[in-house]
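The structure under discussion appears below in the form of structure tokens.
Protein chains get the first letters and strands the later ones, always in sequence-line order, with residue 1 at the start of each.
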Protein chains: 2
Amino acid sequence: MAGNTSTPGASVVSRALALLFAFDAQHRRLTLTQLASRAGLPLATTHRLAADLVAGGALVRRANGEYVVGRRLWDLGLLAPVQTGLRQVASPFLNDIHAATQATVHLAVRERTQVLYLERLSGRASVPVVSTVGSRLPMHATGVGKVLLAHAPADVQERVLSSLDRITPYTVTQRARLERQLTRVRKDGFATTEEEMTLGACSIAVPVPGPDGSVVAAIGIVVPSLKRDRARLLAALQVAASGVARTLANELAPPGADAASRSR
Amino acid sequence: MAGNTSTPGASVVSRALALLFAFDAQHRRLTLTQLASRAGLPLATTHRLAADLVAGGALVRRANGEYVVGRRLWDLGLLAPVQTGLRQVASPFLNDIHAATQATVHLAVRERTQVLYLERLSGRASVPVVSTVGSRLPMHATGVGKVLLAHAPADVQERVLSSLDRITPYTVTQRARLERQLTRVRKDGFATTEEEMTLGACSIAVPVPGPDGSVVAAIGIVVPSLKRDRARLLAALQVAASGVARTLANELAPPGADAASRSR
DNA sequence: GATTATGCTTCCGCTGAGTGGAAGGAGGCC
DNA sequence: GGCCTCCTTCCACTCAGCGGAAGCATAATC
């Protein structure tokens with residue numbers, strides 16, 4: 001729009017989005033200068049666009065000058081069809097697991113080469129858990145991740161297996177060893193981790209099969225130790241997973257349109 | 001930016017936001033034409049801006065041409081400091097109530113003259129419930145709403161009381177009667193509704209007091225009937241509410257900055 | 001209390017990014 | 001074929017946006 005832009009070709013909209021997406025889980029509050037630098041825009045431009053965004057309610061400016069994401073964007077985000085159907089269907093079953101185990105319960109799907117956490121019920125026990133709703137974690141170090149990885153397309157597996165970051169001393173970073181684990185996951189129908197993502201936290205997870213036999217999601221729980229009641233936890237998970245799978249299959253009976261198209 | 005705009009003075013950013021906020025709970029999917037009409041923009045302009053938004057991942061265009069809110073906005077929305085602290089603190093207590101009662105559990109705050117639902121655990125029983133996370137409902141017809149209204153500033157009460165919409169045949173629309181109910185709510189420490197929002201659904205709710213004695217939120221549950229176990233439900237709610245209140249007070253012990261500033 | 005540093009706000013001349021009417025597809029229905 | 005609806009592309013006009021620079025406010029440093 002302007003004559004003397006430093007990056008001709010970039011639309012105003014793209015700049016505005018750069019400002020919005022400058023926020024992330026580690027940067028929920030940004031000063032003007034931080035915002036400008038993270039978005040890669042000149043300070044004056046940032047100042048003006050940010051003011052527009054504040055005027056529209058997309059951002060909020062605190063009394064101390066910091067910008068935060070506005071409530072209107074929270075509203076808007078909730079409308080995104082992020083597995084809406086899956087989450088609604090799964091919700092009561094997750095609650096059942098939570099009631100039965102008192103542990104932290106997760107519902108997750110695969111997003112490219114990472115685990116995306118769709119839902120989380122936090123447990124009573126003081127287990128350190130790093131995931132929150134919306135967070136992405138590596139597949140090879142989480143229970144739900146191993147389940148999803150074990151059933152992912154070959155090219156995804158290849159990409160994940162070719163670079164296994166060490167997160168704790170117990171993270172499985174040897175390709176061959178993880179491959180053996182994945183084979184077991186497919187055979188046994190569940191995956192476990194022991195302090196591979198967070199010290200002091202173990203997990204166990206099972207797949208949620210879709211109508212066509214593919215794996216559409218994973219349900220897992222996080223506990224301080226698996227020693228004691230692995231069998232009990234696994235039973236609870238499997239009941240829930242088959243419940244979700246059954247409900248999903250029924251819901252899809254009238255095979256209309258693409259996923260998540262049930263607004264009415 | 002352009003010479004021949006029909007509404008000079010409107011920034012590109014404001015137009016882009018108009019497009020985004022054209023989506024709401026009743027309109028999660030919009031065609032180009034719908035989008036243009038709801039945003040109040042010419043079709044060609046809408047087409048171009050929407051393409052920019054899609055390029056940035058803020059919107060997604062389905063195969064059938066419909067636009068929906070994109071996953072990146074979902075991510076972003078989760079970063080909004082919408083009572084982050086309150087929700088985190090309350091979550092385990094809400095789960096307790098849910099486990100104990102198997103009913104639909106709500107956490108809500110007041111937003112201007114409406115109830116804003118922050119959290120919802122759906123129950124097993126087939127009770128019709130209209131609320132979802134992020135939805136706003138009138139205060140006078142919901143349990144949590146009555147609690148929040150009873151403890152709202154006088155001007156808010158006045159505005160709400162001066163126009164009581166009828167939603168079901170049982171909605172309380174007489175000002176004097178609702179005022180008497182509010183007095184009781186303050187005295188008894190809980191509120192109830194009986195099919196005032198939805199036929200076949202009753203609710204009971206209690207306030208969550210903040211450190212300074214004001215009411216910061218309400219916790220409520222929805223059941224088919226209150227006849228049977230009102231006392232039991234009330235007890236569960238009160239335990240949870242005081243648990244949340246106590247945790248909140250402890251959390252605020254180091255009184256630093258404004259709410260929701262715990263990113264690390 | 002002067003000096004420096006840092007971060008925010010405002011100003012303003014230049015110009016190409018944005019605008020939207022209009023024309024041209026692409027389907028769907030009768 | 002004719003008609004309708006909805007989407008896409010084109011293009012001449014021009015003012016909204018651009019961002020360097022100067023000014024301002026506050027806080028730290030000497």
Considering all heavy atoms of both residues, which atom of [X] and which atom of [Y] are nearest to each other, and what is their separation?
{"X": "A:Ala245", "Y": "A:Val208", "result": "N-CG1, 4.2 Å"}
{"X": "B:Met139", "Y": "B:Val160", "result": "SD-CG2, 4.1 Å"}
{"X": "A:Val69", "Y": "A:Leu59", "result": "CA-CD2, 4.1 Å"}

[N] [atom2] sits how many Å from [X] [atom1], rounded?
{"X": "B:Leu41", "N": "C:dG21", "atom1": "CG", "atom2": "C1'", "result": "15 Å"}
{"X": "B:Leu49", "N": "D:dT8", "atom1": "CG", "atom2": "P", "result": "14 Å"}
{"X": "A:His47", "N": "C:dC11", "atom1": "NE2", "atom2": "C1'", "result": "12 Å"}
{"X": "A:Leu19", "N": "D:dC18", "atom1": "CG", "atom2": "P", "result": "10 Å"}
{"X": "B:Leu32", "N": "C:dG25", "atom1": "CG", "atom2": "P", "result": "19 Å"}
{"X": "B:Leu35", "N": "D:dC7", "atom1": "CG", "atom2": "C1'", "result": "13 Å"}
{"X": "B:Asp52", "N": "C:dA17", "atom1": "CG", "atom2": "C1'", "result": "11 Å"}
{"X": "B:Arg29", "N": "D:dC6", "atom1": "CZ", "atom2": "P", "result": "15 Å"}

Using the side-chain heavy atoms of [X], tell me which of these nucleotides is nearest: [options].
{"X": "A:Leu43", "options": "D:dT8, D:dG17, C:dT9", "result": "C:dT9"}
{"X": "A:Pro42", "options": "D:dG20, C:dG7, C:dT19", "result": "D:dG20"}
{"X": "A:Ala44", "options": "C:dT10, C:dG20, D:dC18", "result": "C:dT10"}

Does the side chain of [X] get closer than 4.0 angstrom to OP1 or OP2 of [N] through an N or O atom?
{"X": "A:Arg48", "N": "C:dT10", "answer": "no"}
{"X": "A:Arg15", "N": "D:dG19", "answer": "yes"}
{"X": "A:Thr45", "N": "D:dC18", "answer": "no"}

More than 12 heavy atoms of other groups within 6.0 Å of A:Arg112 CZ: no

Side-chain donor or acceptor of A:Ser91 paired with backbone N/O of A:Arg87 under 3.5 Å: no

